[in-house]
Amino acid sequence: MNNKPLRTIYTIPYTAWIILFVIAPIALIVYYSFFDLAGNLTLDNYKSFFSSVYLKLTISSFWYAFLITLFSLLFAYPTAYFLTKTKHKHLWLLLIIIPSWINLLLKTYAFIGIFGLYGPVNAFLEVMGISKQQMLFTDFSFVFVSVYIFIPFMILPIFNALDKLNPALIDASRDLGANAWTTFRRVIWPLTLNGVKSGIQVVFIPALSLFMITRLIAGNKVITLGTAIEQQFLVTQNWGMGSTIAVFLILFMFIIMVITNGKERGTTLNGKTK
Amino acid sequence: MEKLSKLPKLYLAVVFVILYAPIFYLIFYSFNSGGGMSNFESFTLEHYAAVFEDTRLLVILINTIVVALLSALISTAIGVLGAIAILFMRNKAMRNAVLSLNNILIVSPDVIIGASFLILFTMIGVKLGFASVLISHIAFSIPIVVIMVLPKLQEMSPTLVDAALDLGASKRDVLTRVIIPFIKPGILAGFFLALTYSLDDFAVTFFVTGNGFSTLSVEIYSMARAGITLTINALSGLIFLVTVVLVIGYYAISRKTKSPLAGVRK
């Protein structure tokens, strides 16, 4: 075949990239997880990961990620639903997405002011007759800011799923005597489940690994897996332990992806009806 | 279609207010002559002046832009070639494997990308600084470009390439005269996304940047950790402005480049 050399030229840079920046980094993380601070080959890091300190950390990290995902979903689903009903829905969607393009750190920084002792939220509380609350460096502020950051990413896939939904199915359900709630539960929700799943995927995994929001907003009270990795790599310089936590985070990531990928039930159906 | 009643409208309005409030809150206080984000004393532009007088900050800004432009350019080039390589793969299992590898960097948490790249650079002896930041940005932008370009390539009918070959076009002609013009919207979208990814990245850069080199996100992080300075507010005002301009520009470009052929399918 005379096009062989040309094909190699296409393939080389991309293949080199995959080997160097996808496969090698993961392999290196796994490799480093077997070394202790002194550079000895050991399984100690794995042992300490299963100690109570790290298990607690993992559980609390999952708990926060769960809360963040849950609240994002609770706020995002109605938003996406109402958006699909607006007149210029794509324009409104764009307006929802624009804040997500502003640098994450700036938005987080804004909340230092908003939740501060002299910030607007506390001023409002005072007017309402409630005394000033220390809101920064609490679980509440951490979850609130994270939900704020992630909401557009949850809205987008749900909006797409709802947008693809054939309205005839809803009409049919209503004609057959289902009330609004039954229609939602039996028709709309199952058909948009894939959107919800990808929304959960894009929120839950990053929520497990946030570290800048925990540092800026939650003080050092909330520690996630991400914070722990950053700590081990950049503060303690214990790359071995950091890599071990990273190995588990990668593992969790794969598990979550398998759960949330599921079968493409709604899309094939939509493909037919469209 | 049922009309939106009052309650949903109110709900949407509240969501919009909450999403934009922090941004406008930042911008509002960037004009405050007082030192903090609580009491608005009087209008001033001194914080904007401070941004432009701070040479260190300007150097960081230029660094950020240079890294973004270079990484977007290089990752677009590699990503387009990669997408073409994937398209020409005959073996389906192989193609799926490559696609999964491609997507790993998209779904991986930033901390893991940052940490693993840090190990990699230390192992192969890349000095932390401009080079390591640039290489990382190229590395995490490539899969995005592939994802944006591949659907356009798949849309392209293979007979188009065959026709060009029959008419005597060389392989190079096929690439530059047929394939690239056809997938141009995908390339532009990929380039643009790579640019925004690079401008926005904090976590990966934070890991692989040395002491001497910094980008805007990293700088904002260290400033914010030190406390409230209205210079950051002024900076965010400027960034918001640039973002809005970029969004408008992107939509203008993506509208203009919609070739009639590409327009058929969406």
Side-chain angles (χ1 to χ4, degrees), chain A residues 3 6-7 10-11 13-14 17-18 21-26 28-29 32 75 78-79 82-83 85-86 95-96 98-99 101-114 116 118-119 148 151 167 205-206 208-209 211-212 215-216 226 229-230 233-234 239 242-243 246 249-250 253 257, chain B residues 1-2 4 8-9 11-12 15-16 18-20 22-23 25-26 29 36-39 78-79 81-82 84-85 88 98 101-102 104-105 107-113 115-120 123 139 142 171 196 200 202-203 207 216-217 220-221 224-225 228 232 235-236 239-240 243-244 247:
Chain A
N3 57 5
L6 197 74
R7 195 160 290 179
Y10 289 147
T11 321
Y14 184 68
W17 167 80
I18 286 188
F21 292 101
V22 181
I23 298 173
I26 295 177
L28 282 174
I29 287 262
Y32 264 84
F75 288 111
T79 310
F82 297 146
L83 273 179
K85 297 262 180 277
T86 53
L95 287 176
I96 289 262
I98 286 181
W101 288 26
I102 306 291
N103 194 303
L104 183 145
L105 290 160
L106 287 178
K107 286 179 288 187
T108 311
Y109 165 77
F111 281 100
I112 300 179
I114 292 172
Y118 303 98
Y148 171 83
I151 253 187
I205 297 173
L208 274 180
S209 54
F211 72 90
M212 46 288 202
R215 289 255 193 262
L216 290 177
I229 294 174
E230 187 252 359
F233 266 92
L234 299 178
W239 287 15
S243 298
L249 187 52
I250 294 172
M253 181 183 95
M257 281 177 62
Chain B
M1 199 173 20
E2 49 194 310
L4 268 190
K9 267 187 189 156
Y11 184 84
L12 280 184
V15 171
F16 274 103
I18 291 177
L19 280 178
Y20 280 91
I23 297 162
Y25 177 79
L26 277 188
Y29 278 103
M37 282 200 274
S38 47
N39 294 314
I78 300 177
L81 291 182
I84 295 175
F88 284 148
V98 171
L101 285 173
N102 186 69
I104 284 181
L105 275 193
V107 288
S108 289
D110 291 346
V111 208
I112 293 195
I113 301 177
S116 62
F117 283 7
L118 174 64
I119 298 179
L120 181 77
M123 283 272 280
I142 287 174
K171 289 265 138 77
T196 44
D200 221 34
F202 162 70
F207 272 88
L216 212 50
S217 308
I220 292 168
Y221 179 70
R225 285 204 80 176
I228 290 172
I232 305 184
L235 210 53
S236 63
I239 291 176
F240 184 69
T243 306
V244 171
V247 171

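Letters A, B, ... mirror the listed sequences (proteins, then strands); counts begin at 1.
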[X] versus chain B, heavy atoms under 4.5 Å apart: side chain, backbone, both or neither?
X	result
A:Ile151	side chain
A:Pro167	neither
A:Met253	side chain
A:Trp17	side chain
A:Pro206	neither
A:Leu106	both
A:Ser243	side chain
A:Phe111	side chain
A:Tyr32	side chain
A:Ile250	both

Heavy-atom distance under 4.5 Å to chain A: side chain of [X], backbone, both or neither?
X	result
B:Ile119	both
B:Leu216	neither
B:Leu101	both
B:Leu120	both
B:Tyr25	side chain
B:Ile113	neither
B:Ile228	both

Hey, does [Y] have a side-chain heavy atom less than 4.5 Å from the side chain of [X]?
X	Y	answer
B:Ile23	A:Pro99	yes
B:Tyr221	A:Arg215	yes
A:Tyr109	B:Arg225	no
A:Trp239	B:Leu118	yes
A:Lys85	B:Pro8	no
B:Pro22	A:Ile114	yes

When rounded to the nearest 0.5 angstrom, what is the spacing between [atom1] in [X] and [atom2] in [Y]?
X	Y	atom1	atom2	value
A:Thr79	B:Phe16	OG1	CZ	9.0 Å
A:Leu234	B:Phe207	CG	CZ	4.5 Å
B:Thr196	A:Trp101	OG1	CH2	6.0 Å

Options [options], ranked by heavy-atom pairs under 4.5 Å with chain A, top entry:
options	answer
B:Val107, B:Ile239, B:Asn39	B:Val107
B:Ile78, B:Ile232, B:Val98, B:Asp110	B:Ile232
B:Gly36, B:Ser108, B:Gly82	B:Gly82

Query raised in the report: Taking atom types as modelled and ignoring hydrogens, do the side chains of B:Ser217 and A:Asn103 form a donor-acceptor contact shorter than 3.5 angstrom?
Result: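 Distance-only check passes for B:Ser217 and A:Asn103.
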Query raised in the report: Do A:Tyr14 and B:Asn102 have a side chain donor and acceptor closer than 3.5 Å?
Result: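 Yes, because at least one side-chain N or O of A:Tyr14 sits under 3.5 Å from a partner of the opposite role on B:Asn102.
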Taking all non-hydrogen atoms of both residues, which atom of [X] and which atom of [Y] are closest, and how far apart?
X	Y	value
A:Ile29	B:Ser116	CG1-CB, 3.5 Å
A:Tyr148	B:Leu19	OH-O, 2.5 Å
B:Val111	A:Ser209	CG2-O, 3.0 Å
A:Ile102	B:Asp200	C-OD1, 4.3 Å

Query raised in the report: Relative to the ring of A:Phe211, is the ring of B:Phe202 parallel (under 30°), tilted (30 to 60°) or perpendicular (over 60°)?
Result: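 It falls in the tilted class, 30° to 60°.
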Counting heavy-atom pairs under 4.5 Å with chain B, which one of [options] comes out on top?
options	result
A:Phe75, A:Phe233, A:Tyr118	A:Phe233
A:Leu216, A:Ile205, A:Ile229	A:Leu216
A:Leu105, A:Ile26, A:Ile98	A:Leu105
A:Ile23, A:Ile18, A:Thr108, A:Leu95	A:Leu95

Query raised in the report: Between the side chain of B:Tyr20 and the main-chain N/O of A:Ile96, is any donor-acceptor distance below 3.5 Å?
Result: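 Between the backbone of A:Ile96 and the side chain of B:Tyr20 there is no qualifying donor-acceptor contact (under 3.5 Å).
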